[in-house]
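Below: one structure, written as structure tokens.
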2 protein chains.
Amino acid sequence: MAGISIGELSRLTGVHIETIRYFEKVGLVDKPDRTEGGHRVYADQHVRRLGFIKRARELGFSPDEVRAILSLGGPENACCDEVREIAVHHLEQVRRKMADLARLERLLASTVERCSGGHVPECAVIDMLETAAS
Amino acid sequence: MAGISIGELSRLTGVHIETIRYFEKVGLVDKPDRTEGGHRVYADQHVRRLGFIKRARELGFSPDEVRAILSLGGPENACCDEVREIAVHHLEQVRRKMADLARLERLLASTVERCSGGHVPECAVIDMLETAAS
DNA sequence: TCTGCCACCTGTAGTCACTACAGAATCAAG
DNA sequence: CTTGATTCTGTAGTGACTACAGGTGGCAGA
């Protein structure tokens with residue numbers, strides 16, 4: 001209710017003060033009111049918005065994707081179909097990345113297993129890295 | 001056999017010319033010989049080394065991990081146990097990342113499924129992003 | 001040999017998403 | 001009114017490159 005300082009906002013949301021100012025600069029959060037002396041004064045709306053951004057970033061949405069959702073009018077006004085499209089696209093990327101990692105995991109695991117582990121210059125890991133096949 | 005220009009090296013390895021020079025600057029690849037005029041002249045050894053670096057990076061080894069392997073004397077001399085340790089550590093990180101992505105995938109997938117997709121302001125994706133639970 | 005042109009050189013600056021600092025001003029409590 | 005914490009602006013740093021500007025090198029054809 002009462003005005004929130006940037007420090008409180010930071011504590012409430014877990015977003016660094018510097019990052020909050022950065023988000024303001026790049027237009028991810030609205031410019032807050034100021035005190036006479038120029039200190040930022042935030043409202044509850046900013047807490048929600050910043051929490052939203054933080055969570056979306058944690059979930060791997062790129063800043064541009066977050067921006068896209070926000071530009072749809074923000075969590076308050078965005079239309080489901082448009083937001084859904086962004087989420088679906090993001091889901092596809094996540095699945096692609098998972099597949100990549102799974103291949104990598106198999107390769108690494110089997111390589112490490114083949115590895116003698118002895119203090120010798122023959123090494124399956126090195127062999128793998130030297131070999132161009134994926 | 002014959003000297004290789006930086007352009008050829010780039011074509012052979014698929015690494016950008018600028019990146020090759022960057023790798024030289026940060027010490028990932030040895031400084032090559034030069035022509036009288038100052039152009040870099042590479043040998044086969046550089047092709048192997050650069051290919052090695054490229055592949056390790058593609059496999060998600062961080063530059064520091066690559067540096068660590070190279071500092072063990074490079075692919076030619078490194079000892080299996082030390083390299084293995086780096087690879088095992090990397091494997092752990094890959095698995096952690098996979099688990100993260102899997103959680104994210106489930107959340108996104110179930111959310112998108114719940115999503116009406118209509119042109120309405122109620123949206124499961126927004127709800128998810130607004131909700132702080134992971 | 002001269003000319004043309006591409007490849008290459010160095011050095012600097014830009015990217016992204018922040019993070020970190022310096023030095024000054026403001027705020028809140030006592 | 002003083003003190004100490006907080007906040008302010010603006011700039012610079014991070015990592016891992018990428019991109020450019022402005023100047024040479026190398027080599028083929030005339």
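Numbered from 1 within each chain, the chains take letters A, B, ... in sequence-line order.
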### Query
Which of the following nucleotides, C:dT19, C:dC8, D:dC20, is nearest to the side chain of B:Glu18?
D:dC20

### Common cluster, A:Leu50/A:Val47, ILVMFWY with side-chain heavy-atom separation under 4.5 Å
yes

### Query
Mapping B:Leu28 and B:Gly38 onto DNA chain D by nearest heavy atom, which one lands closer to the 5' end?
B:Leu28

### Query
Is any side-chain N or O of A:Thr19 closer than 4.0 Å to OP1 or OP2 of C:dT19?
yes

### Task
Tell me which of B:Lys25 and B:Ile17 sits closer to the 5' end of DNA chain C, going by the nucleotide each one is nearest to.
B:Ile17

### Message
Taking any heavy-atom pair under 4.0 Å as a contact, classify B:Arg40: base, sugar-phosphate, or nothing.
### Response
sugar-phosphate

### Of the listed nucleotides D:dT18, D:dC17, D:dT9, the one nearest the side chain of B:His16
D:dT18

## Note on the structure
Regarding the side chain of A:Tyr22, the nearest nucleotide among D:dC20, C:dT19, D:dC17 is C:dT19

#### Entry: Candidate list A:Asp100, A:Leu107, A:Leu108, test side chain to side chain contact (heavy atoms under 4.5 Å, CB included), partner B:Val94, passing option
A:Leu108

### Query
Which one, C:dT26, C:dC8, C:dC18, comes nearest to the side chain of A:His39?
C:dT26

### Query
Out of B:Arg95, B:Lys97, B:His90, which residue meets the side chain to side chain contact (heavy atoms under 4.5 Å, CB included) rule with B:Gln93?
B:His90

#### Entry: Test item: B:Thr13 side-chain N/O and B:Leu9 main-chain N/O as donor-acceptor pair under 3.5 Å
yes

## Note on the structure
With the side chain defined as heavy atoms from C-beta on, A:Ser5 is closest, among D:dC17, C:dC18, D:dT7, to D:dT7

### Query
Which of the following nucleotides, C:dA17, C:dT19, D:dA16, is nearest to the side chain of A:Pro63?
C:dA17

#### Entry: B:Ile6 side chain, from C-beta outward: closest of C:dC8, D:dC17, D:dC8
C:dC8

